[in-house]
Amino acid sequence: METLQSLTGTEDILPKPQWVGQDVKVADISTWQRVEAAAREIFHRAAYREIRTPIFEQTALFERGIGEATDVVGKEMYTFKDRSDRSLTLRPEGTAGVVRAFIQQSLYAQGGVQRLWYTGPMFRYERPQKGRQRQFHQVGVEVLGSRDPRADVEVLALATDLLQTLGLRNLTFYLNSVGNPEDRARYREALVAYLTPYKDQLDPDSQDRLSRNPLRILDSKDEKTQAIAEDAPSILDYLGDDSRRHFDSVQQQLTDLGIAFELNPRLVRGLDYYTHTAFEIQSSDLGAQATVCGGGRYDGLVKELGGPDTPAVGWAIGLERLTLLLETLHPATAPKVDLYVVSRGEKAESNGLLLAQKLRGAGFAVELDLSAAAFGKQFKRADRSGAAACLILGDAEAENGTVQLKWLQSGEQSELAQADLLADVEGLRERLRAARGE
RNA sequence: GCGAGCGUAGCCAAGUGGUUAAGGCAGUGGAUUGUGGUUCCACCAUUCGAGGGUUCGAGUCCCUUCGUUCGCCCCA
């Protein structure tokens, strides 16, 4: 028998089962909802507005935006031909699409600064491991149209606010400046000059990178390579005056805001579009894929993609990594319902449905037992639903227009007219709060 | 793309070539056909991810494949 399975590197996110023992192995939705709610709130407070862009775009957008030489474009994209033979790609990151929309929809024509945030699935064809999926999710922000170092700092503060609000610990915030393209070219030359004599002692990957992408050698995990990189020239010594001033200002203001960071001149980001500020927030609790949040400034990208010369800065947080950290911090709980409706007998059953609808209309969370099982069975389920109280309808109640209201914790039960119950929803709300100990 | 490990029920698992695949949790039915959380009883894998091979005999050994875990590369 061949059963259909989800593809490698994709996962289902399920609601938490109602009680322990009903364990499932997959991710839990409540953690995701908590992250999304916190992000919305924090973005709203800083005047960022949500943008949604398509999940697939023309392949050329990513090739030009992210850089043909990067690993993401070179070997990780989900690229395919559609029925009219166009080359499409499932987005591997969020920035390129946002910038494309910014240009295509002429958002620059609105003047001033665009503060945007987004969330959604991204796709990269890689081997899955801890904190890495082929379909993964990011939440990110982009500020377009400001060169001011305060924009860098605002965006950084947003990231730390969000992570802090969620209660994350053991995070380190690494900061660097990769300067402007001219600074970087001068530095690259100096770095190659320093490394070339050691070429034979570098690990094979790094030897390869010496000509292609020497900056990446700096954060190699190979011990010998690291020892050599230890004494390599620092990019911070190659920043021009403007870059220097910008970076100094960012650092000063981060300090003023009380945001702790660690300068890491060897931090290099994998996408070509970064300029000036580059940063990563890493967790020591994640294994090899430690980066929770990554981003920086990308002053050249908008122009590169055919828009007006527009400076920009942003970041993205990996939600799988974030929820991984949160799940160990606060275990998920099953959502509980307020009331559980138990009924038996044809008339009582439709009466129960009607009553449930009315109570839902009044704002209560109500679960209706759909079985025609014995009351005993239905009570068992009422208990497990986590409801504070259940409403019981049998032939007698349906006949008289009454209902039994039973509090599951105390066992206290009383009969009242359905009309009275509905007339005093505030009273019921109050008793529910009390029953939950609120 | 490369390396290593692992797949026995919804979950946790015992089993290590000899015939009937332990046990626990969860689930279903009953004791209890208008009152739950406890308890007791019964049921719950013709089959060990899938396919092929070796063998008198395979959950156990081999191959392929799919899934999964951790790492490399790279990144969120």
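Just so it is clear, the structure is predicted and the values come from calculations on it, not from any experiment. In what follows, chains carry the letters A, B, and so on, assigned in the order in which the sequence lines appear, proteins first and then strands, with residues in each chain numbered from 1.
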Separation of A31(B) atom C1' from Lys377(A) atom NZ, nearest Å, is 10 Å

Check this for me: does the side-chain of Gln413(A) come within 3.5 Å of the base of U35(B) through a donor and an acceptor?
yes

Under 3.5 Å side-chain donor-acceptor pair for Glu397(A) and Gln404(A)
yes

Classify the side-chain pair Gln378(A)/Arg381(A) by whether it contains a donor and acceptor separated by less than 3.5 Å.
no

Stretch residues 50-80 of chain A: residues that reach within less than 4.0 Å of RNA chain B through a heavy atom:
Asp71(A), Lys75(A), Glu76(A)

Between G36(B), G71(B), U35(B), which nucleotide gets closest to the side-chain atoms of Lys130(A)?
G71(B)

Backbone N/O of Ala372(A) and side chain of Arg344(A): donor-acceptor pair under 3.5 Å
yes

Taking only the side-chain nitrogens and oxygens of Arg381(A), find out if one of them lies under 4.0 Å from OP1 or OP2 of G37(B).
no

Gln129(A) side chain N/O closer than 4.0 Å to the phosphate oxygens (OP1, OP2) of U69(B)?
no

Nucleotide of U69(B), G36(B), U28(B) approaching Arg127(A) most closely (side-chain heavy atoms)
U69(B)

Interatomic distance, Leu14(A) CG vs C11(B) P [rounded to whole Å]:
11 Å

Need one value for Gly9(A): base, sugar-phosphate or nothing, where a base atom within 4.0 Å counts as base even if backbone is also close, heavy atoms only.
sugar-phosphate

Can you tell me the pairing partner of G7(B) across any strand shown, Watson-Crick or G-U wobble, with both distances under 3.5 angstrom?
C66(B)

Measure the distance from CG on Leu218(A) to P on C75(B) and round it to the nearest whole Å.
13 Å

Rounded to the nearest angstrom, tell me the gap between atom CD in Glu126(A) and atom P in A76(B).
10 Å

Base of U35(B) and ring of Phe375(A) stacked, centres under 5.5 Å, planes under 30°
no

5'-most contact on RNA chain B (nearest-nucleotide basis), Ala373(A) vs Gly376(A), goes to Ala373(A)

So, under a plain 3.5 Å distance rule, would you say the side chain of Arg321(A) forms a donor-acceptor pair with the base of C75(B)?
yes

Of Arg40(A), Glu142(A), Glu154(A), which meets side chain to side chain donor-acceptor pair (under 3.5 Å) against Tyr48(A)?
Glu154(A)

Is Gly294(A) touching bases, backbone alone, or none of the nucleic acid, heavy atoms closer than 4.0 Å?
sugar-phosphate

side-chain contact (heavy atoms from CB on, under 4.5 Å) partner of Gln251(A), chosen from Leu175(A), Val153(A), Thr277(A):
Leu175(A)

When the C1' atoms of A45(B) and A22(B) are considered, how many whole Å apart are they?
13 Å

Given that both distances must come in under 3.5 Å, which nucleotide forms a Watson-Crick or G-U wobble pair with C2(B)?
G71(B)

Is the shortest side-chain N/O distance from Arg124(A) to OP1 or OP2 of G1(B) below 4.0 Å?
no

Ring centres of Phe43(A) and Trp117(A) under 6.0 Å apart?
yes

In whole angstrom, give the distance that lies between atom CD of Gln378(A) and atom C1' of G37(B).
16 Å

Cation-pi, Phe364(A) ring and Arg429(A) (6.0 angstrom, 45 degrees)
yes

For Ile392(A) and U35(B), give me the distance from atom CD1 to atom C1', rounded to whole Å.
6 Å

By the 4.0 Å heavy-atom rule, please label Gln282(A) as base, sugar-phosphate, or nothing.
nothing

Does Thr291(A) have a side-chain nitrogen or oxygen under 4.0 Å from the phosphate oxygens OP1 or OP2 of A76(B)?
no

Given C73(B), C2(B), G36(B), the nucleotide with the shortest approach to the side chain of Phe379(A):
G36(B)

How about Gln418(A) and Asn351(A): does a side-chain donor come under 3.5 Å of a side-chain acceptor?
yes

G37(B) base / Lys380(A) side chain donor-acceptor hit below 3.5 Å:
no

How is Gly140(A) classified with respect to the nucleic acid when contacts are heavy atoms under 4.0 Å: base, sugar-phosphate, or nothing?
nothing

Please determine, for C44(B), whether a Watson-Crick or G-U wobble partner exists with both distances under 3.5 Å, and give it or none.
none

Looking at G36(B), A76(B), G27(B), which one has an atom nearest to any side-chain atom of Tyr274(A)?
A76(B)

Ignoring the backbone of Gln5(A), work out which of U35(B), C66(B), C75(B) is nearest its side chain.
C66(B)

Could you tell me the Watson-Crick or G-U partner of U20(B), where both distances fall under 3.5 Å? Say none if there is no partner.
none

For A58(B), which nucleotide is its Watson-Crick or G-U wobble mate, given both distances must be under 3.5 Å?
none

Between Asp152(A) and His246(A), is any side-chain donor less than 3.5 angstrom from a side-chain acceptor?
yes

Scan side-chain atoms only and decide if Asp28(A) and Ser30(A) contain a donor-acceptor pair under the 3.5 Å cut-off.
yes

With distance as the sole criterion, do the side chain of Gln409(A) and the base of G36(B) form a donor-acceptor contact below 3.5 Å?
no

Nearest-Å distance for atom pair CD/C1', residues Gln138(A) and C75(B)
9 Å

Hey, which of these two, Arg344(A) or Tyr125(A), hits RNA chain B nearer its 5' end, going by closest nucleotide?
Tyr125(A)

Send over the distance from Leu90(A) CG to A76(B) C1', rounded to a whole Å.
17 Å

Which is true for Ala382(A) with a 4.0 Å heavy-atom rule: it touches a base, it touches only sugar-phosphate, or it touches nothing?
nothing

What nucleic acid atoms does Gly287(A) come within less than 4.0 Å of, heavy atoms only: base, sugar-phosphate, or nothing?
sugar-phosphate

Side-chain N or O of Thr8(A) less than 4.0 angstrom from OP1 or OP2 on U68(B)?
yes

